[in-house]
Undergrad: 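The structure is given below, and queries will be raised subsequently.
One-based numbering along the sequence shown. When a ligand or atom number is given, it counts from 1 through the structure's own listing order.
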Amino acid sequence: MEKRDIIHDGVSIKIFGTDEPDKVLVHFTDDITAYYKIKKAVIKDKGLYCNNISCMIFRHLIRGGVPVHFIQQVSETEQLCRKVDVIPMEVIVRNVIAGSMAQRLGLQEGLVPKATIFDLCYKSEELGDPIINDYHAIALGLASREELDEIYAVTKKVNDILVPVFKSAGITLVDFKIEFGRLPDGSLVVADDITPDSARFWDTETGTRLDKDRFRHDNGKVGLAYKTVYERLKQVTDL
Ligand code: 5GP
């Protein structure tokens, strides 16, 4: 496999074409931003931790029968994936109330809701990724009713697989964001990484935040938090 031109120049990931037109190389960087790029920093080895965490999670999902874009890990900071058409919609799962949901509804962070919450957001940086509902998603042509049903079912499965994996690592999977993409035949796959950049991981015993909130809130020790997630997951996973 040969690395070709860059096709997506993101902050925390850069995507390169390869000599195989249906495959891309995803490279994880050490860069981190928050608040729509107002806050920026470089965290040593963040790319290595995020790539390894993402790869372990994808292997768990594949074993659980979840369709994903991930093919294989290529290096400490790179993974080979299937090229997809990404749907500009974020799917957020909340097992514990935190972040924007706590703010929006005036709820205490840490509250466990009576049922798992699924949010949809329209992916648009200019608009601040506004929250939408199924009617918006269908009306905007983001996904059909049938596709949304599949997206919710697959997202629930992702959560059902990952909650116990993180639990065994002493980590509460508070919330996470994923995105879906379409393969050339139209089938849907999870086309986004779950890492401390895109999820909230709390140490189950102490409540210590092991994710990007440390950077958002200037708590320090961001790299150490990412490293902790990586090492704990590695300890409990055979994948
Ligand atoms: P919140 O709605 O509280 O801001 O985010 C809920 C969860 O989704 C958090 O784990 C957060 O990191 C993730 N998330 C929400 N929007 C984005 C986004 O635009 N990019 C990334 N990487 N994660 C997001």
Undergrad: Ring centroid separation for Phe58 and His69, is it under 6.0 angstrom?
TA: yes
Undergrad: To check your reading of the model: name the closest protein heavy atom to atom 9 (C) of ligand 1, its residue, and the distance in Å.
TA: Asp175 OD1, 3.3 Å
Undergrad: What's the verdict on ring pair (Phe, Tyr, Trp, His ring centres under 6.0 Å) for Tyr226 and Tyr49, showing C-alpha distance, side-chain angles and the deciding distance?
TA: CA-CA 6 Å; Tyr226 283 49; Tyr49 301 135; 7.6 Å; no
Undergrad: Provide, to 0.1 Å, the distance between atom 6 (C) of ligand 1 and the closest protein heavy atom, together with that atom's residue and name.
TA: Arg200 NH1, 3.6 Å
Undergrad: May I ask you to identify the nearest protein heavy atom to atom 22 (N) of ligand 1, giving residue, atom name and distance to one decimal place in Å?
TA: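 Heavy-atom neighbour on the protein nearest atom 22 (N) of ligand 1: Asp197 O, 3.4 Å.
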Undergrad: Among Ile151, Val190, Ile87, Val86, whose side chain to side chain contact (heavy atoms under 4.5 Å, CB included) with Glu179 holds?
TA: Val86
Undergrad: Considering the heavy atoms of Gly99, write down every atom of ligand 1 situated less than 4.0 Å from one of them.
TA: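 Listed by number with element: 3 (O).
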Undergrad: Between Val91 and Val68, is there a shared hydrophobic cluster once you connect ILVMFWY residues whose side-chain heavy atoms come closer than 4.5 Å?
TA: yes
Undergrad: Tell me whether ligand 1 is touched by Arg216 - counting only heavy atoms on the residue side and a distance under 4.0 Å.
TA: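 A heavy atom of Arg216 does come that close to ligand 1.
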Undergrad: Which ligand 1 atoms does Ala199 reach within 4.0 Å, using its non-hydrogen atoms?
TA: 10 (O), 12 (O)
Undergrad: Tell me which part of Lys123 gets within contact of ligand 1: side chain, backbone, both or neither, using heavy atoms under 4.0 Å.
TA: neither
Undergrad: So is Lys212 in contact with ligand 1, going by heavy-atom distances below 4.0 Å?
TA: no
Undergrad: If only atom types and distance count, is the side chain of Asp185 paired as donor or acceptor with the main-chain N or O of Ser187 below 3.5 Å?
TA: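 The answer is yes, because a donor-acceptor pair under 3.5 Å joins these two groups.
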Undergrad: Among protein heavy atoms, which sits nearest to atom 15 (C) of ligand 1, and what does the distance come to when rounded to 0.1 Å?
TA: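 Nearest neighbour among protein heavy atoms for atom 15 (C) of ligand 1, to 0.1 Å: Ile92 CD1, 3.8 Å.
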Undergrad: Among all protein heavy atoms, pick out the one at the shortest distance from atom 19 (O) of ligand 1; state its residue, atom name and that distance to 0.1 Å.
TA: Glu90 OE2, 2.9 Å
Undergrad: At less than 4.0 angstrom from any non-hydrogen atom of Asp129, what atoms of ligand 1 do you find?
TA: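 Contacts of ligand 1 toward Asp129, numbered from 1: 19 (O).
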Undergrad: Taking NZ in Lys234 as the centre, count heavy atoms belonging to other residues, nucleotides or ligands within less than 6.0 Å. Is the count above 12?
TA: no
Undergrad: If you count the atoms of ligand 1 from 1 in the order shown, which ones are under 4.0 Å from a heavy atom of Ser100?
TA: 1 (P), 2 (O), 3 (O), 4 (O)
Undergrad: Identify the residue among Asp85, Leu142, Thr155, Asp192 that makes a side chain to side chain contact (heavy atoms under 4.5 Å, CB included) with Phe180.
TA: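 So, applying the side chain to side chain contact (heavy atoms under 4.5 Å, CB included) to Phe180 and each of Asp85, Leu142, Thr155, Asp192, only Thr155 qualifies.
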Undergrad: Could a heavy atom of Gln103 be found less than 4.0 Å from some atom of ligand 1?
TA: no
Undergrad: Write down the atom of Leu173, the atom of Leu162, and the distance for their closest heavy-atom approach.
TA: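 Distance-wise, the nearest heavy atoms are CD2-CB, 3.8 Å.
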Undergrad: Pick, from Arg104, Glu125, Arg94, Lys177, the option with the minimum heavy-atom distance to atom 23 (N) of ligand 1.
TA: Lys177
Undergrad: So, Glu78 and Asn51: side-chain donor and acceptor under 3.5 Å apart, yes or no?
TA: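 No, because no side-chain N or O of Glu78 sits under 3.5 Å from a partner of the opposite role on Asn51.
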